[in-house]
Colleague: 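Got a structure here, written out as structure tokens. Questions coming.
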Amino acid sequence: MVTIETPRSPRSRKGAKWEKWGWLYMRASGVVLLVLIFGHLFINLFQNGIQAITFAFVAGKWADPFWKIWDGAMLWLALIHGTNGMRTIANDYTVRLGMRKFLNVTLWVVCFALIILGTLVITTFDPCSDPSVNQIADISIHCGK
Amino acid sequence: MAKLPAGTLYRGKVGMWSWVLHRITGVAIFFFLLVHTLDTALVRVSPEAYDAVINTYKTPIIGLGELGLVAAILFHGLNGIRVILIDFWRKGAKYQNVMFWIVVVLAALLFIGFAPRHLAHVFHWNV
Ligand code: HEM
């Protein structure tokens with residue numbers, strides 16, 4: 001049975017305001033993601049090709065701060081965009097409030113964990129400090145020694 | 001058989017199907033991104049660990065999966081721009097139907113440009 005509350009008091013505007021920023025974020029991040037992701041696919045998967053994706057390839061790219069910033073922006077924007085999109089979908093299909101809460105919390109915890117992990121990986125990555133890497137010619141040219 | 005009602009402007013038409021596709025592709029890309037963040041994080045474990053896992057992306061079956069992933073991203077990304085234009089462009093709603101077909105054609109052209117080269121990589125064709 002669905003019961004409809006008597007509309008005695010209007011809903012608070014707080015949630016609606018937040019929702020508006022989410023709506024705007026989906027569009028703003030979408031435009032930037034289009035450039036970042038299409039560029040990412042063009043360079044890594046089209047030019048370079050899947051067979052040539054190796055540790056050395058990543059290390060070569062991340063020797064340049066430009067690609068660290070590119071990939072870092074992609075990480076943050078895409079995870080938040082995807083998580084917020086999944087939240088919309090979860091809200092559409094859940095009936096029980098408990099289930100909705102559970103899915104929302106799970107989505108944002110996973111999003112937060114992966115953003116922290118990915119950011120740490122990008123910012124602390126230093127191929128030159130790994131001795132085995134000095135044997136890979138196309139990386140060691142970036143290492144200065 | 002009884003004649004079906006004409007429906008609405010939205011139901012069963014481009015508006016609805018583009019939304020269904022946008023939603024399905026969004027979910028698919030999201031789950032891939034979760035995995036992709038984790039596999040890339042392996043560069044911080046060791047070169048060997050990263051290469052071992054990334055090698056599974058080079059197998060024929062996963063290679064074909066990547067074709068599907070790229071198709072999903074092409075559609076979702078381009079249709080996302082269409083959604084933004086519908087929302088912000090004065091004539092967006094008027095041209096939403098044409099824009100859908102522009103999205104489909106553009107995505108198809110980019111896919112046709114990408115697929116042969118990717119398949120050549122996956123299956124080691126020397127072209
Ligand atoms: C390539 C650039 C992208 C563009 C231009 C884009 C655009 C958009 C837009 C405008 C929306 C809002 C649709 C609406 O409110 O009706 C949206 C929804 C969504 N996006 Fe994206 N997006 C992109 C990439 C991604 C990525 C990388 C992911 C996954 C991590 C993703 C997952 C989703 C999801 C799950 C939704 C919710 C779909 C729904 O509510 O039906 N998108 N996208």
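Reminder, nothing fancy here: chain letters follow the sequence lines and each chain counts from 1. These numbers come from a predicted model, not from an experiment.
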Colleague: Would you mind telling me which of T83(A), I122(A), T88(A), V110(A) has the largest number of heavy-atom pairs within less than 4.5 Å of chain B?
Modeller: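 Of the options given, most contacts go to T83(A).
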Colleague: Surrounding CH2 of W89(B) (heavy atoms of other residues, nucleotides or ligands, distance under 6.0 Å), is the total greater than 12?
Modeller: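 Enclosed.
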Colleague: Are the side chains of M86(A) and F31(B) in touch, meaning some heavy atoms are under 4.5 Å apart?
Modeller: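 Touching, per the 4.5 Å side-chain cut-off.
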Colleague: Compare every heavy atom of F46(A) with every heavy atom of H121(B), then report the nearest pair and how far apart it is.
Modeller: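 Reported closest heavy-atom pair: CE1-O, 3.4 Å.
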Colleague: Kindly say whether H124(B) contributes a backbone atom to a donor-acceptor pair with the side chain of Q51(A) at under 3.5 angstrom?
Modeller: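 Absent.
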Colleague: Same cluster for I69(A) and W76(A) if Ile/Leu/Val/Met/Phe/Trp/Tyr side chains link at under 4.5 Å?
Modeller: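 Not linked; separate clusters.
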Colleague: Tell me, for L78(B) versus chain A, whether the close heavy atoms (under 4.5 Å) come from the side chain, the backbone, both or neither.
Modeller: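 Backbone plus side chain of L78(B), per the 4.5 Å heavy-atom cut-off to chain A.
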Colleague: What about V35(A) and L79(A), same hydrophobic cluster or not, with Ile/Leu/Val/Met/Phe/Trp/Tyr joined at side-chain heavy-atom distances under 4.5 Å?
Modeller: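 Cluster IDs for V35(A) and L79(A) differ.
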Colleague: With chain B as the partner, which of I37(A), L117(A), T124(A) has the greatest number of non-hydrogen pairs under 4.5 Å?
Modeller: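 Counting heavy-atom pairs under 4.5 Å, the top option is T124(A).
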Colleague: Pick from I29(B), T37(B), L42(B): which one has the most heavy-atom pairs with chain A under 4.5 Å?
Modeller: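 Among I29(B), T37(B), L42(B), the one with the most close pairs to chain A is T37(B).
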Colleague: Can you tell me which portion of L114(A) sits under 4.5 Å from chain B's heavy atoms? Options are side chain, backbone, both or neither.
Modeller: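 Both parts, backbone and side chain.
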Colleague: State, with a plain yes or no, whether a side-chain heavy atom of L120(A) is found less than 4.5 Å away from one of R44(B).
Modeller: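 Of all side-chain heavy-atom pairs linking R44(B) with L120(A), none is under 4.5 Å.
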Colleague: Are any of the side-chain heavy atoms of R27(A) and V83(B) separated by less than 4.5 Å?
Modeller: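 Counting from C-beta outward, R27(A) and V83(B) do come under 4.5 Å.
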Colleague: Tell me if the CH2 atom of W21(A) is crowded by more than 12 foreign heavy atoms within 6.0 Å.
Modeller: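 Counting neighbours around CH2 of W21(A), 12 or fewer heavy atoms of other residues, nucleotides or ligands fall under 6.0 Å, so no.
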Colleague: Go through A52(A), G118(A), G49(A) and name the one with the most non-hydrogen pairs under 4.5 angstrom from chain B.
Modeller: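 Option with the top pair count is G49(A).
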Colleague: Would you mind checking which part of N55(B) comes under 4.5 Å of any heavy atom in chain A, side chain (CB onward), backbone (N, CA, C, O), both or neither?
Modeller: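 The answer is neither part of N55(B).
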Colleague: Rounded to the nearest 0.5 Å, what separates atom CD1 in I89(A) from atom CZ in F30(B)?
Modeller: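 Output value for this atom pair is 9.5 Å.
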Colleague: Where is the tightest heavy-atom contact between I54(B) and I53(A), given as atom of each residue plus distance?
Modeller: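 Smallest interatomic distance, heavy atoms only, reads CG2-O, 3.4 Å.
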Colleague: Around Y25(A), counting heavy atoms of other residues, nucleotides and ligands shown, do more than 12 lie under 6.0 Å from its OH?
Modeller: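 Above 12, so yes.
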Colleague: Should we count CD1 of I61(B) as having more than 12 external heavy atoms under 6.0 Å?
Modeller: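 Not buried by this count: 12 neighbours or fewer within 6.0 Å.
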Colleague: Can you tell me which portion of L75(A) sits under 4.5 Å from chain B's heavy atoms? Options are side chain, backbone, both or neither.
Modeller: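 When you check distances to chain B, only side chain atoms of L75(A) fall under 4.5 Å.
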Colleague: More than 12 non-hydrogen atoms from neighbouring residues, nucleotides or ligands closer than 6.0 Å to CZ on F102(A), yes or no?
Modeller: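 Incorrect, the count does not exceed 12.
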Colleague: So which heavy atom on T40(B) is nearest to which on V121(A), and how close?
Modeller: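 In terms of heavy atoms, the two residues are closest at O-CG1, 4.3 Å.
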Colleague: Does one hydrophobic cluster hold both W18(A) and L107(A), with members joined at side-chain heavy-atom distances below 4.5 Å?
Modeller: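 No.
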Colleague: Which atoms of F38(A) are under 4.5 Å from chain B, going by heavy atoms: the side chain, the backbone, both sets, or neither?
Modeller: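 Side chain only.
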Colleague: Can you tell which of Y93(A), F42(A), W62(A) has the highest number of heavy-atom pairs within less than 4.5 Å of chain B?
Modeller: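 Most heavy-atom pairs under 4.5 Å with chain B: Y93(A).
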Colleague: With a 4.5 angstrom heavy-atom cut-off, which part of I50(A) approaches chain B: side chain, backbone, both or neither?
Modeller: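 Contact with chain B is through both the backbone and side chain of I50(A).
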Colleague: With a 6.0 Å cut-off (strictly less than), is the heavy-atom count around CE of M16(B), excluding the residue itself, greater than 12?
Modeller: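 More than 12 heavy atoms, drawn from other residues, nucleotides or ligands, come within 6.0 Å of this atom.
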Colleague: Where does L34(B) contact chain A at under 4.5 Å (heavy atoms): side chain, backbone, both or neither?
Modeller: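 Both parts, heavy atoms under 4.5 Å.
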Colleague: Would a hydrophobic clustering, with Ile, Leu, Val, Met, Phe, Trp and Tyr connected at side-chain separations under 4.5 Å, put I80(A) with V105(A)?
Modeller: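 No, separate clusters.
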Colleague: Could you tell me which portion of D92(A) (side chain, backbone, both or neither) has an atom closer than 4.5 angstrom to a non-hydrogen atom of chain B?
Modeller: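 Only the side chain of D92(A) comes within 4.5 Å of chain B.
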Colleague: Classify the ring geometry between Y50(B) and F55(A) as parallel (under 30°), tilted (30 to 60°) or perpendicular (over 60°).
Modeller: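 Taking F55(A) first and then Y50(B), their aromatic rings stand perpendicular (interplane angle over 60°).
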Colleague: Report which part of L41(A) has an atom under 4.5 Å of a heavy atom belonging to chain B: side chain, backbone, both, or neither.
Modeller: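 The answer is the side chain of L41(A).
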Colleague: Step through the shown structure and confirm whether more than 12 heavy atoms of other residues, nucleotides or ligands are within 6.0 Å of CH2 on W70(A).
Modeller: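 Check passes, neighbour count above 12.
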Colleague: Test L34(A) against every option in I81(B), I73(B), I84(B) by the side chain to side chain contact (heavy atoms under 4.5 Å, CB included) rule and name the one that passes.
Modeller: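 Of the listed options, the one satisfying the test is I81(B).
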Colleague: Might you point out which heavy atoms bring R117(B) and Q47(A) nearest each other, and give the distance in Å?
Modeller: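 For R117(B) and Q47(A), the tightest heavy-atom pair comes out as NH2-O, 2.8 Å.
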Colleague: Report yes or no: do L74(B) and W101(B) belong to one cluster of Ile/Leu/Val/Met/Phe/Trp/Tyr joined by side chain heavy-atom distances under 4.5 Å?
Modeller: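 Same cluster.
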